[in-house]
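Accompanying notes for the structure given below.
Remember, predicted model here, so these are calculated numbers, not experimental data.
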Amino acid sequence: MTATPAVESGELLVGTRKGLFVLRGPRGGPMEIAHRLFPGEVVEYAMRDPRSGRYFASVTHGQFGPHLYTADDPADEWQETEGPTFPADTGASLVRTWIVTSGIEDGVLWAGVQPAALFKSEDGGRSWQLNRALWDEPTRERWEAGAGGLCLHSICPWPGEPERLAVGISAAGVWLTGDGGRSWRRGVQGLVPRYVPEEARETTISLCVHNMHRSPVPTTLYMQFHGGVYRSDDAGESWIDIGFPGCGLPSDFGFPLVADPRDPDRALVIPLISDEDRVTPGGYVRVYETRDRGGCWRPRSEGLPAEGAYLTVLRQAFCHDGGEPLGLYFGAEQGEVFGSEDDGATWRSVAANLPPVYSVRAS
């Protein structure tokens with residue numbers, strides 16, 4: 001008699017309005033709450049650096065403001081990092097940390113914050129320094145905030161080339177560097193801000209990127225825009241509309257996006273109705289995927305609510321776990337987390353009755 005193989009387990013870090021929830025259980029769920037940390041505090045984002053195993057959590061206290069914490073184990077005592085903090089001469093104060101991303105070089109991490117700025121750590125996340133070139137960008141005085149504030153929320157390192165980086169800012173577009181952040185240029189050709197009067201679109205710098213990820217082929221990036229889904233084939237210099245009418249998407253508005261870590265032709269989005277009605281279309285929760293670089297999209301919804309579910313999924317609340325087959329997870333502001341262990345073919349609820357979900361990351 002052949003022994004049944006053990007069920008593969010997983011861990012999710014779920015940032016919510018009322019703390020960080022560490023979920024553990026079989027891939028695809030259901031999962032149990034292993035730890036609840038920072039109770040009552042807003043946790044915008046949490047991740048685990050796969051190189052060091054160190055955990056990070058962006059926490060905003062109602063009285064004491066934003067802080068970034070780290071721990072080697074969620075059950076251990078969390079330590080506050082040295083920053084991100086703006087130098088006094090900038091006249092700026094940190095509102096929140098939106099994202100922490102592992103860099104290419106050992107010990108390097110990047111953090112995107114509000115107001116829109118990029119910080120770098122070279123000591124494994126213990127201390128952080130402001131990237132002055134992007135902060136001192138001459139057009140900054142004309143940058144405008146999106147509805148969620150003026151924030152740098154997407155960071156895309158370039159595999160094998162630590163000097164190259166792409167970042168997404170709401171609402172100041174895509175910025176690219178090829179020299180490690182000593183200089184920056186915009187990568188916005190092809191983006192169409194339909195919320196701006198047509199006669200002003202050519203000159204506006206109000207370009208509201210919602211999410212951006214690099215595919216396993218570094219020159220290919222995918223973007224969810226404020227009204228539009230785009231692909232870049234030249235590392236973010238220019239963009240092609242792949243959310244056009246007739247492509248299969250019920251709406252091209254949304255926030256979350258996943259790029260398949262093994263297939264450069266595949267990306268997934270979760271559409272919302274519009275900027276005025278930020279819920280899933282028709283009360284039918286569907287994840288849409290493209291397998292041909294955006295030529296067409298199809299829903300992957302088996303097991304997801306099919307009626308009466310008007311969910312809102314925020315920009316950092318959709319992720320993959322890098323497994324084989326790919327595990328996918330997303331959380332809703334309504335407090336439920338859904339998971340798939342089979343590349344998105346089927347879904348189930350992995351956790352419910354949580355506070356509003358701000359971020360979901362597999363660790």
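Between Trp347 and Phe318, the two ring planes are tilted [angle within 30° to 60°].
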side-chain contact (heavy atoms from CB on, under 4.5 Å) assessment of Trp98 paired with Ile155: CA-CA 10 Å; Trp98 276 89; Ile155 303 173; over 6 Å; no

Report the C-alpha distance between Arg182 and Glu163 in whole Å, list the side-chain angles of each, state the deciding distance to 0.1 Å, and finish with yes or no for salt bridge (charged side-chain N to carboxylate O under 4.0 Å, His left out). CA-CA 9 Å; Arg182 293 184 293 277; Glu163 295 288 288; 3.2 Å; yes

Output, in order, the C-alpha distance, side-chain angles, deciding distance and verdict of ring pair (Phe, Tyr, Trp, His ring centres under 6.0 Å) for Trp135 and Phe86. CA-CA 10 Å; Trp135 179 259; Phe86 284 98; 4.9 Å; yes

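For the atom pair CD1 (Ile240) and CZ (Arg231), the distance works out to 4.0 Å, reported to the nearest 0.5 Å. Expressed to the nearest 0.5 Å, how far OG of Ser154 lies from CD of Gln316 amounts to 6.5 Å. Note that CD1 of Ile273 and OH of Tyr310 are 7.0 Å apart. Values are rounded to the nearest 0.5 Å. Note that the CG atom of Asp321 and the CG atom of Leu326 stand 6.0 Å from one another [nearest 0.5 Å]. Atom CH2 of Trp175 sits about 13.0 Å away from atom CG of Leu118, to the nearest 0.5 Å.
Results of the ring pair (Phe, Tyr, Trp, His ring centres under 6.0 Å) test with Tyr230 over Phe225, Trp239, Tyr222 single out Phe225 as the only residue that passes.
Contact of the Glu11 side chain with the Val22 side chain is registered, since non-hydrogen atoms from C-beta on lie closer than 4.5 Å. The shortest side-chain heavy-atom distance between Ser102 and Pro50 falls under the 4.5 Å cut-off. Between Cys208 and Ser170, some side-chain heavy-atom pair lies under the 4.5 Å cut-off. Arg278 is listed as a side-chain neighbour of Phe253, based on a closest heavy-atom distance under 4.5 Å.
Not a single salt bridge (charged side-chain N to carboxylate O under 4.0 Å, His left out) links Arg48 to another residue, sequence neighbours left out. Partners of Ala306 by side chain to side chain contact (heavy atoms under 4.5 Å, CB included), not counting sequence neighbours, listed by chain and number: Tyr284.
No donor-acceptor pair under 3.5 Å is formed between the side chain of Ser359 and the backbone N or O of Ala317.
For His210 and Phe255, the gap between ring centers is short of 6.0 Å. The six-membered or imidazole ring of His35 lies away from that of Phe21, with a centre-to-centre distance of 6.0 Å or more.
Classification of Arg185 and Glu237 as a salt-bridged pair holds, one side-chain N sitting under 4.0 Å from a carboxylate O. Taking the charged nitrogens against the carboxylate oxygens, Glu82 and Arg126 have no contact shorter than 4.0 Å, which rules out a salt bridge. The pair Arg293-Asp265 counts as a salt bridge, with a side-chain nitrogen and a carboxylate oxygen less than 4.0 angstrom apart. Salt-bridge annotation for Asp343 and Arg291: present, with a side-chain N of the basic residue lying under 4.0 Å from a carboxylate O of the acidic one. With salt bridges taken as basic N to acidic carboxylate O contacts below 4.0 Å, one links Asp89 and Arg132.
Of all heavy-atom pairs between Gln224 and Val229, the closest is OE1-CG2, 3.6 Å. A pairwise comparison of heavy atoms in Trp128 and Thr81 identifies NE1-OG1, 3.7 Å as the closest pair. The two residues Ala259 and Arg214 come nearest to each other via the heavy atoms CB-O, 3.9 Å. Considering all non-hydrogen atoms of both residues, Leu207 and Pro193 come closest at CD2-CG, 3.7 Å.
With a 6.0 Å radius and a threshold of 12 heavy atoms from other residues, nucleotides or ligands, Glu137 has its CD atom above the threshold. Heavy-atom contacts from other residues, nucleotides or ligands closer than 6.0 Å to CD of Glu105 number more than 12.
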